[in-house]
2 protein chains.
Amino acid sequence: MGLTKTEIFTDEQNKLAIQLKAIAHPARIAILQYIIAAKACICGDLVEELGLAQPTISQHLKELKNAGLIQGTIEGVSVCYCIEPTAWAALQKEISNLFASYKDPNNCC
Amino acid sequence: MGLTKTEIFTDEQNKLAIQLKAIAHPARIAILQYIIAAKACICGDLVEELGLAQPTISQHLKELKNAGLIQGTIEGVSVCYCIEPTAWAALQKEISNLFASYKDPNNCC
DNA sequence: AATATTAATCGTAATATTGCAATATATATG
DNA sequence: CATATATATTGCAATATTACGATTAATATT
């Protein structure tokens with residue numbers, strides 16, 4: 001075990017879980033916030049900005065990339081990261097649906 | 001290692017990460033959707049509904065409870081679960097802020 | 001070409017997560 | 001009280017995650 005039983009759930013549930021998991025880490029939240037806050041793309045000031053080692057940051061960026069939430073373009077020696085607008089908007093909508101489906105308290109608890 | 005360096009990040013980032021992590025599993029997404037879809041509170045039809053063993057469901061419910069996202073009230077032999085409205089709304093707002101902070105594509109990537 | 005700079009990859013240790021069988025707990029009901 | 005029902009807890013095996021040192025890869029600069 002130690003293995004999520006993905007075959008039991010719908011593709012939508014699995015995909016949402018994967019993308020939420022990508023965001024569900026303080027370092028990756030911080031990375032996303034930093035990328036968003038910078039008006040331009042971020043060319044890897046992240047190592048200095050956060051207090052984590054370079055391989056660790058690189059790994060977190062890879063996970064965000066794998067989840068499709070950011071994209072990186074090579075700019076000479078460095079790499080520029082920014083939000084992937086389509087996936088970002090899609091995830092926003094998906095999460096919004098989940099939360100909005102809960103209307104008012106049933107006050108039975 | 002294997003341990004998130006929480007001291008590096010803000011309380012907000014850590015709390016958001018914890019609550020997102022609670023949702024970031026297909027079983028827990030399915031549980032939340034089922035609780036929401038039922039107009040009344042759910043008294044453990046979950047084991048039959050999802051294809052997971054009873055201890056596994058119980059554990060997932062515990063995690064959602066620990067994250068403050070659901071609450072359970074004892075109803076005789078069984079337990080009724082429903083969304084915790086305050087935490088649910090707060091998390092919705094927090095996530096909404098994160099996503100909304102990204103305006104338009106900077107098209108520099 | 002040699003060196004510097006930046007980021008990715010590999011390998012590894014520590015810890016966390018997932019899932020379940022077995023068991024425990026707690027409340028009904030006969 | 002004995003038994004049934006519903007849920008929680010414990011213990012464990014398999015796997016995943018987190019973090020980083022060491023190394024590699026790739027492009028600039030001298």
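Below, read A as the first sequence line, B as the second, and so on, with proteins coming before strands; counting in each chain starts at 1. Remember, it's a predicted structure, so these values are computed and weren't measured experimentally.
The CD1 atom of A:I95 sits 4.5 Å away from atom CG of A:L20, with the distance rounded to the nearest 0.5 Å.
Near DNA chain D, meaning a heavy atom under 4.0 Å from it, residues 18-27 of chain A has A:K21, A:H25 in order of number. Residues from residues 3-17 of chain B that place a heavy atom under 4.0 Å from any atom of DNA chain D, listed by number: B:L3, B:T4, B:K5. For the segment residues 48-59 of chain A, residues with any heavy atom less than 4.0 angstrom from an atom of DNA chain D are, sorted by number, A:L52, A:A53, A:P55, A:T56, A:Q59.
Taking only side-chain nitrogens and oxygens, A:H60 never comes nearer than 4.0 Å to OP1 or OP2 of D:dT17. In this model, the phosphate group of C:dT6 is not approached by any side-chain N or O of A:Y81 to a distance below 4.0 Å at OP1 or OP2. Remark: B:K62 is not in phosphate contact with D:dT7, judged by side-chain N or O atoms under 4.0 Å from OP1 or OP2.
With sequence neighbours excluded, the residues forming a side-chain contact (heavy atoms from CB on, under 4.5 Å) with A:T56 are A:L52, A:A53, A:H60, listed by chain and number. For the side chain to side chain donor-acceptor pair (under 3.5 Å) test, residues two or more places apart in sequence or in another chain that qualify with B:T4 are A:H25. Residues that satisfy the side-chain contact (heavy atoms from CB on, under 4.5 Å) test with B:L46, not counting sequence neighbours, are B:I31, B:Y34, B:I42, B:I57, B:L61. Take B:E12 and apply the side-chain contact (heavy atoms from CB on, under 4.5 Å) test, not counting sequence neighbours, and it matches B:T10. In this structure, the side chain to side chain donor-acceptor pair (under 3.5 Å) partners of A:E63, at least two apart in sequence or on a different chain, are A:R28. In this view, B:E49 satisfies the side chain to side chain donor-acceptor pair (under 3.5 Å) rule with no residue, not counting sequence neighbours. Listed by chain and residue number, A:I70, A:Y81 satisfy the side-chain contact (heavy atoms from CB on, under 4.5 Å) test with A:K65 (two or more places apart in sequence, or in another chain). Take B:Q33 and apply the side chain to side chain donor-acceptor pair (under 3.5 Å) test, not counting sequence neighbours, and it matches A:Q13.
Taking hydrophobic clusters as Ile, Leu, Val, Met, Phe, Trp and Tyr residues chained together by side-chain heavy-atom distances below 4.5 Å, A:L32 does not share a cluster with A:I18.
The CG atom of B:N66 sits 14 Å away from the C1' atom of C:dT17 (whole-angstrom rounding). In this entry the distance linking CG of A:L61 with C1' of D:dT18 reads 15 Å, nearest Å. Here C:dG19 presents its C1' atom at 12 Å from CZ of B:R28, a figure rounded to the nearest Å.
Here D:dT30 sits opposite C:dA1 as a Watson-Crick or G-U wobble pair (both hydrogen-bonding atom distances under 3.5 Å).
Pairs of residues two or more places apart, or lying in two chains, never qualify as side-chain hydrogen bond (donor to acceptor under 3.5 Å, both in side chains) while including a residue from residues 84-100 of chain B.
Comparing B:V77 and A:K65, the nucleotide of DNA chain C nearest to each residue sits closer to the 5' end for A:K65.
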